[in-house]
Structure formats: C-alpha cells, structure tokens
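Following: one structure in structure tokens, then a few remarks.
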There are 2 protein chains.
Amino acid sequence: MTYTSFFPQQRTLMGPGPSDISPQVQLASSKPLVGHLDPQFLKLMDEIKQMLQLAFQTQNANTFVVSAPGSAGMETCFVNLLEPGDKVIVCINGVFGMRMKENIERCQAQAIVVEDPWGSPVSEDKLELALQQHPDAKCVAFVHAETSTGVCSDAQALCAIAKRYNCLTIVDAVTSLGGVPLKVDEWQIDAVYSGSQKCLSCIPGLSPVSFSPAAIDVLNARKVPVQSWFLDHTLVMNYWSSTQKRSYHHTAPVTSLYAMHEALVQLHHEGLENSWNRHQQQHMVLRDGLEAMGIEFIVDPKYRLPQLNTVAIPNGVDDALIRSRLLNEYNLEIGAGLGAFAGKAWRIGLMGYAARTENVSLCLAALREVL
Amino acid sequence: MTYTSFFPQQRTLMGPGPSDISPQVQLASSKPLVGHLDPQFLKLMDEIKQMLQLAFQTQNANTFVVSAPGSAGMETCFVNLLEPGDKVIVCINGVFGMRMKENIERCQAQAIVVEDPWGSPVSEDKLELALQQHPDAKCVAFVHAETSTGVCSDAQALCAIAKRYNCLTIVDAVTSLGGVPLKVDEWQIDAVYSGSQKCLSCIPGLSPVSFSPAAIDVLNARKVPVQSWFLDHTLVMNYWSSTQKRSYHHTAPVTSLYAMHEALVQLHHEGLENSWNRHQQQHMVLRDGLEAMGIEFIVDPKYRLPQLNTVAIPNGVDDALIRSRLLNEYNLEIGAGLGAFAGKAWRIGLMGYAARTENVSLCLAALREVL
C-alpha cells in the first residue's frame with residue numbers, strides 16, 4: 001500500500017463546528033515551530049491568557065487553554081472541583097447536559113438532574129426547586145448555549161439562583177464564547193469552558209477554561225487527589241502561570257496555540273460586542289431567507305442562538321441526501337440533528353468567521369436549489 | 001492593550017521534543033479545514049490508523065490517535081485497563097516511570113515499584129523478582145525510551161518476563177516510536193502510547209495509542225466505568241473505528257491530524273528501518289563530535305538512545321547561560337536536564353527530521369564556539 005499527501009477539498013463550514021476559519025488563522029499554525037519552553041512561546045501564552053480574560057470578561061488569573069478539545073475542558077472543570085460523594089445539580093436540555101451528568105458520575109459524585117425538553121432553555125423555577133430540595137448541593141452545572149438544540153439559557157439568572165444557595169457554578173460556554181454575551185465575573189460563573197472551533201474560529205482541538213478564586217479555594221481544599229493527572233489544574237498551572245517559574249507538565253500543542261492566539265487577536269481587533277452583533281445580524285438575514293423558503297425554526301425566538309440555527313427538516317425531504325448534495329455539489333457543510341433531533345433537524349452554524357454575508361447567501365442559494 | 005500577530009523566530013529544535021518538523025509537515029496543518037465527520041476526513045483517519053499499525057509493527061485494530069499530548073495517551077492506557085484495587089508493577093528509572101506511578105494511583109490501583117537508577121535501564125532481574133513476590137499483579141508498566149535520561153530499556157525482554165506471569169504489558173513509547181526498533185506484536189505489548197512531537201516529527205499535541213486484543217478483552221470485562229469520559233476508549237472507538245458507522249464523540253483536532261498523516265506518509269516513504277538507521281548514524285556522528293570536545297555521555301553505550309543524547313554538563317560550565325546563548329545566538333534549542341538530572345545534564349535530541357547532517361554540524365559548531 002502506498003500512501004500520499006492529503007489534499008482536502010475546500011469546504012464552507014456551517015455546521016455545529018468546526019466553523020470556517022479566517023485565512024490568517026489557517027496560516028498561523030504553519031509558522032515556525034518553537035519549543036514549549038521557548039521564551040517566545042511563553043510570551044505568546046501570556047498574551048493568550050490576557051486575551052481570553054477579555055473574551056470571557058473575567059479577571060480570573062486561572063484562565064488558560066486545555067491542550068485538548070472542549071470535552072476535555074468539561075472534564076477539567078468536573079475532575080478538579082468534584083470529590084466522591086459531592087452532590088451536583090445538573091440541568092439537562094440536550095446532549096451536552098447529558099455529557100455533564102456522565103462526567104459528574106465518573107467523579108463518583110451524585111448528579112441531581114433538572115430536566116427540560118430539547119429545544120427549551122433550562123428552567124429557572126425547576127433549578128430553584130431542586131436547590132430547595134437539595135440544600136447540600138455543592139455545584140450547579142448547566143450549558144449556556146446547547147449545541148445540540150440551538151438554545152441559549154439565561155446563564156446570568158441561573159447563576160444568580162445557584163449563588164443564593166451557596167453553590168459553585170459550572171458553565172459550558174463551548175458554543176457561546178464570542179458569539180453571544182458571556183460575562184463570567186458579572187454573572188458569577190466559577191468554572192467555565194469553551195472550545196476553539198466554534199465562535200472563536202480557531203482550529204479544533206483546544207479548550208479555553210477559566211476558574212474563579214472561589215473555585216480555586218475549593219480545589220485547594222480537596223481531600224482526594226484529582227483523578228486525572230493530565231487535567232490536574234494545580235499541575236497544569238505550574239506551566240501556564242506567568243507569575244512563577246514555568247515548569248514542564250506536558251508538551252503544549254505549540255502550533256495549535258499559535259492559531260488560538262491569532263483567532264483571539266482577530267476577535268479583539270473586531271471587538272467583542274461587534275462580534276456578538278455580527279452574529280445576530282447574520283442570523284437575522286439567514287432566518288428571513290429560511291423562513292421565506294418555508295423552513296421553520298425549532299427554538300422560540302426568545303431563546304434562539306444566532307450562531308446555531310436549528311430548523312425542522314421539511315416534510316418529505318431526505319435528510320442525508322440533501323446534506324450530501326450540499327457537501328458534494330456546493331462544498332457546503334451544514335449539521336445533522338444530534339440525539340433526540342437526529343433525522344428531524346438541521347443545525348446551520350453561523351460561528352465566528354462563518355458568520356458573514358457570502359456564507360449566508362451561499363447557504364440560502366444552495367438550499368433553494370436542492371430542495 | 002493592543003495585541004498583534006505572532007512572528008516566531010525560527011529555531012533548530014534539538015531538545016527532548018518538540019523536534020524539528022519537515023516543511024511538508026509544517027504546511028500540512030494549513031490545508032483547508034474540513035469537518036470532523038467529512039468523508040474526506042474519515043478516509044484520512046483510516047490511513048492514519050493503517051500507517052500507525054505499520055509504525056508500531058502491529059495488527060491491532062485498536063490503533064488510533066488520542067486527541068491530546070502523550071501524557072493523555074499514557075492516561076488513556078491506565079484509565080481504560082485499571083480498576084480500583086488492581087495491582088500494577090511499575091518500573092521506574094526516570095521521570096516518565098514516576099508519571100506512570102501517579103497515573104496508577106489516581107486510578108485507585110496499587111503501584112508496586114521496581115526502581116533503577118537514573119541513567120540505567122530497567123532491570124529484568126528486579127522485574128522478575130517483583131513478579132514472584134506479587135503473583136496477583138495484573139499489569140507490568142515501563143518506559144521503553146526514557147526521555148528524561150536517554151536510556152533504552154529492553155522492551156522485548158521485559159514483556160517476555162511479564163507474559164510468563166500472565167500480566168498485561170503497558171509500554172511508554174513516546175520517544176522510541178520511529179527512532180529505534182519497536183515491535184508491538186512480536187514483543188507482546190498490550191498497550192502502547194507515543195507522542196507526535198518526537199521521532200515522528202509531527203507537531204505536538206497528539207498521542208498515537210494501540211491496544212492488543214487481550215487489552216480490549218480486559219477493557220470489555222470491566223466492572224467499574226472508565227473514570228475519564230474523554231479518554232474512554234470504547235466511546236472513542238465509536239468515532240475511530242472504520243468498521244462501523246462513525247458517531248460523534250468529541251471534535252477531533254482535524255488539522256493536527258493532517259500533520260500526523262503527512263508525518264506518517266514521510267516515515268513510510270523513507271521506510272521504518274531506514275529511519276531507525278538514520279537516527280543511529282546521526283547519533284554516531286554527534287557522539288564522535290561531542291567526545292572530541294571532551295563532553296561525556298551519561299548513559300552506557302549499550303543502553304543509549306540515538307535520538308536522545310544525554311551528556312554531562314562539563315565542570316565549571318554555566319548550564320543556563322550556554323543554553324541561552326545557543327538559543328539567542330544560534331536559534332538552536334537543546335534540552336535541559338529534567339528531575340534528578342536538572343543542572344547536571346543536557347539532552348540533545350536527534351529526533352525525526354532533526355536527525356540530519358546539517359543539524360548535527362550546527363550543534364557541534366555552536367557548542368564548540370560557546371564553550
């Protein structure tokens with residue numbers, strides 16, 4: 001068997017992520033490779049931390065990038081903050097809430113589930129009721145922007161409730177960061193993780209994470225060691241902290257972090273609020289075009305994520321055939337439904353660099369032609 | 001604060017990794033980004049698996065890439081194969097054996113340590129004695145090529161001993177894969193992990209892993225769930241297996257895997273044995289040059305890794321100053337000592353693309369000039 005270099009066909013990425021990346025980000029990871037302890041690289045890491053603090057709207061010193069995808073970012077938050085026997089209220093309204101529950105249970109903690117239907121936001125009343133019933137809960141965990149349904153829950157309100165019951169808050173911001181308002185400090189989020197490949201429009205494989213001082217206090221007071229060596233935050237911060245001598249923990253994904261740096265430079269060049277507004281504006285153009293074709297949104301307008309448009313597959317339409325025609329004839333990727341929405345919904349992403357006029361126009365034109 | 005794009009100074013990477021990468025690998029991750037379920041990408045993943053089987057010299061169907069650095073590959077092996085209370089004999093002769101012990105204990109398993117001095121290989125007699133004393137051991141774990149010391153242990157002999165006592169074998173091949181002979185099937189290795197950034201000369205951030213059928217049997221017979229959701233091999237293989245419908249687990253680091261594919265294409269173009277020979281030949285040139293300068297190797301010739309040359313820092317020489325002059329004046333990175341060797345040794349890497357004449361000549365010339 002002979003193997004040859006890979007020459008991928010270029011795609012327009014309008015699924016649930018990875019999203020389109022800019023040409024600048026695309027080239028960033030091909031800059032000359034340096035060592036993970038090279039002074040140039042340590043300076044780059046410091047800038048990434050600072051820019052992430054701005055993106056997350058936080059002063060948390062413990063703001064950094066996990067050297068693995070968003071799922072590892074999620075696991076970082078749970079394995080560092082939970083100990084066996086802890087009780088966590090987890091709000092589930094889609095795939096990623098379910099994944100949180102899996103994480104909680106694998107930490108030998110107890111998950112108290114607050115469930116809402118797919119396509120609905122997390123209910124504040126149900127959370128409050130669960131907290132009244134479980135006054136010994138240590139944490140409340142929920143997904144801000146549920147990638148499986150396109151729903152945005154009110155993270156600020158949910159955290160405010162959790163705080164009234166003295167709980168730590170753990171928030172999945174994989175799809176929200178950079179696309180809709182997210183204010184970690186103002187909203188009292190104690191642990192938050194995101195993904196590189198959504199609205200930051202960086203290459204996939206990295207997970208920005210931030211821990212509040214209260215979360216660090218809980219981590220420092222642990223009785224049982226963190227079950228993951230790779231994700232043990234105390235060890236990771238010996239490498240990521242800029243206030244002490246850096247010591248080797250693992251070899252950082254140097255060139256992927258170049259791409260993260262460039263994506264953050266672009267976000268700050270545009271401005272965070274401008275980025276939120278652009279996602280909203282492109283969403284409205286896409287929405288009008290889809291609705292004009294008779295395609296209906298699944299999520300109530302009040303809770304819709306501009307960056308992830310979940311629409312019902314029209315009656316009689318062959319899901320796989322249409323997606324495959326879009327991919328093969330137009331090089332356009334849109335997302336299939338996930339979990340309860342498989343075969344019932346499409347997920348059209350307008351994330352980061354994908355949220356621009358030419359993408360929206362292409363997507364509407366291609367859908368019009370194939371339907 | 002204004003942030004601008006990063007323009008790294010180009011380095012020659014002759015430390016313990018990341019190593020120099022070829023221009024082809026450098027460009028690979030800038031090829032057009034496609035989705036992690038794109039048919040083009042799934043085909044690429046299949047080729048990566050096949051080429052890794054050749055590199056590892058195995059028929060294991062469960063050969064794939066962990067979407068995170070070598071430390072996560074290590075953790076993948078331990079969390080999937082160990083359950084609380086299991087007994088594991090771990091051979092320690094450097095930093096990475098110590099890290100294995102950390103992993104074992106965080107799985108709530110019991111680590112029986114077989115210790116050898118830094119700079120020595122793992123002792124076969126001591127392993128045999130430990131197995132006699134602990135007939136209930138489930139696994140034997142050791143490092144094939146100890147990156148902290150530059151020592152190669154006899155993986156074949158150690159595995160043969162372990163197998164006589166019906167133990168699973170878990171082998172760290174982070175620094176050995178591609179640089180020295182490694183024959184997973186012939187040597188009866190049940191779980192092996194490596195790193196992308198060593199002798200494969202790929203960008204850092206990925207960890208090739210392979211499990212034998214016997215290891216998969218142990219995994220399938222588990223009583224307790226794998227403590228890591230992200231590294232749960234059964235779930236990961238729903239995405240990596242080519243014999244079933246791929247289902248989403250996490251978003252793969254698509255462009256990093258482009259680089260892995262290209263690095264493996266180059267390895268197979270060169271030929272695995274040719275690559276081993278090239279490492280050995282360049283090592284001998286470097287060795288002769290260093291010894292001519294009066295620089296002494298720490299490791300006995302019999303156990304020396306050609307790809308990681310550990311030498312004593314000459315008396316009276318300022319470790320940090322010399323390494324910093326090499327970096328700042330020659331853009332040449334060599335490795336500091338790690339752990340017990342900090343301040344006492346340099347680690348000069350000849351890994352993958354770094355193992356070529358121009359690098360050896362530059363390194364010798366630069367050292368001659370600064371010393």
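First the proteins, then the strands, lettered A, B, ... as listed; each starts at 1.
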Problem set entry | chain B-proximal positions within residues 331-340 of chain A [heavy-atom distance under 4.5 Å] | A:E333, A:L338
For this session: Begin from the C-alpha positions of B:V254 and A:I203 and carry the test side-chain contact (heavy atoms from CB on, under 4.5 Å) through to its verdict.
Result: CA-CA 8 Å; B:V254 172; A:I203 55 175; over 6 Å; no
Problem set entry | Proximity breakdown for B:Q108 and chain A, heavy-atom pairs closer than 4.5 Å | side chain
Seminar exercise, completed: Sorted by chain and residue number, the side chain to side chain donor-acceptor pair (under 3.5 Å) partners of B:T147 (sequence neighbours excluded) come out as B:T175
Exercise. Do A:S256 and B:S256 touch side chain to side chain, with heavy atoms closer than 4.5 Å?
Worked result: yes
Exercise. Side-chain contact, heavy-atom cut-off 4.5 Å: A:S228 with B:E75?
Worked result: yes
Problem set entry | Heavy-atom side-chain proximity of B:R106 to A:V226 below 4.5 angstrom | yes
For this session: Check whether any side-chain heavy atom of B:S196 sits under 4.5 Å from a side-chain heavy atom of A:T251, and report yes or no.
Result: no
Problem set entry | Between A:A28, A:S19, A:A72, the one whose heavy-atom pairs under 4.5 Å with chain B are most numerous | A:A72
Exercise. Any idea which of B:P32, B:G15, B:G70, B:P253 has the most non-hydrogen atom pairs under 4.5 angstrom with chain A?
Worked result: B:P32
Problem set entry | Option that, when pairs with chain A are counted at under 4.5 Å, heavy atom only, ranks first among B:A259, B:S71, B:S324, B:C107 | B:S71
Problem set entry | Distance in Å, B:L267 CG paired with A:Y3 OH, rounded so as to fall on 0.5 Å steps | 12.0 Å
For this session: For B:Q59, look at atom CD and say whether over 12 heavy atoms of other residues, nucleotides or ligands are found less than 6.0 Å away.
Result: no
Exercise. Looking at A:V95, A:L44, A:V66, which has the largest count of heavy-atom pairs under 4.5 Å with chain B?
Worked result: A:L44
Exercise. Does any non-hydrogen side-chain atom of B:Q26 lie less than 4.5 Å from one of A:L33?
Worked result: no
For this session: Indicate the atoms forming the closest heavy-atom contact of B:H249 with A:R99, along with that distance.
Result: O-NH2, 2.9 Å
Problem set entry | Contact leader toward chain A among B:D232, B:T12, B:D20, B:L257, where contacts are heavy-atom pairs under 4.5 Å | B:D232
Seminar exercise, completed: In terms of heavy-atom contacts, A:S30 and B:S29 come closest through OG-OG, 4.4 Å
Problem set entry | Between B:E262 and A:S5, a side-chain donor and acceptor under 3.5 Å | yes
Problem set entry | Sidechain-backbone polar pair: B:K31 side chain, A:F6 backbone, donor-acceptor under 3.5 Å | yes
Seminar exercise, completed: Pair count under 4.5 Å, heavy atoms only, with chain B: among A:M51, A:H250, A:E105, highest is A:M51
Exercise. Do A:H36 and B:P204 come within less than 4.5 Å of each other through their side chains, counting heavy atoms only?
Worked result: no
For this session: Find out whether A:V265 and B:T4 are in side-chain contact, i.e. whether some heavy atom of one side chain is under 4.5 Å from a heavy atom of the other.
Result: no
Exercise. Does B:E102 use its side chain to pair, donor to acceptor, with the backbone of A:W229 at less than 3.5 Å?
Worked result: no
Problem set entry | A:Q40 (side chain) donor-acceptor with B:Q9 (main chain) under 3.5 angstrom | yes
For this session: Return the option, out of B:K43, B:M74, B:E47, with the maximum number of heavy-atom pairs under 4.5 Å with chain A.
Result: B:E47
Exercise. Where on B:I48 is there a heavy atom nearer than 4.5 Å to chain A: the side chain, the backbone, both, or neither?
Worked result: neither
For this session: Check whether any side-chain heavy atom of A:F230 lies under 4.5 Å from a side-chain heavy atom of B:P69, and answer yes or no.
Result: yes
Exercise. Given that the side chain runs from C-beta out, which part of B:L54 has a heavy atom under 4.5 Å from chain A: side chain, backbone, both or neither?
Worked result: side chain
Seminar exercise, completed: Interface check, chain B: of A:Q24, A:Q50, A:Q10, A:H268, most non-hydrogen pairs under 4.5 Å belong to A:Q50
For this session: Could you tell me which of B:P225, B:A68, B:G35, B:G205 has the largest number of non-hydrogen atom pairs under 4.5 Å with chain A?
Result: B:G35
Seminar exercise, completed: Under 4.5 Å to a heavy atom of chain A? For B:Q197 that would be side chain
For this session: May I ask you to name which of A:F96, A:F41, A:F78 has the most heavy-atom pairs under 4.5 Å with chain B?
Result: A:F96
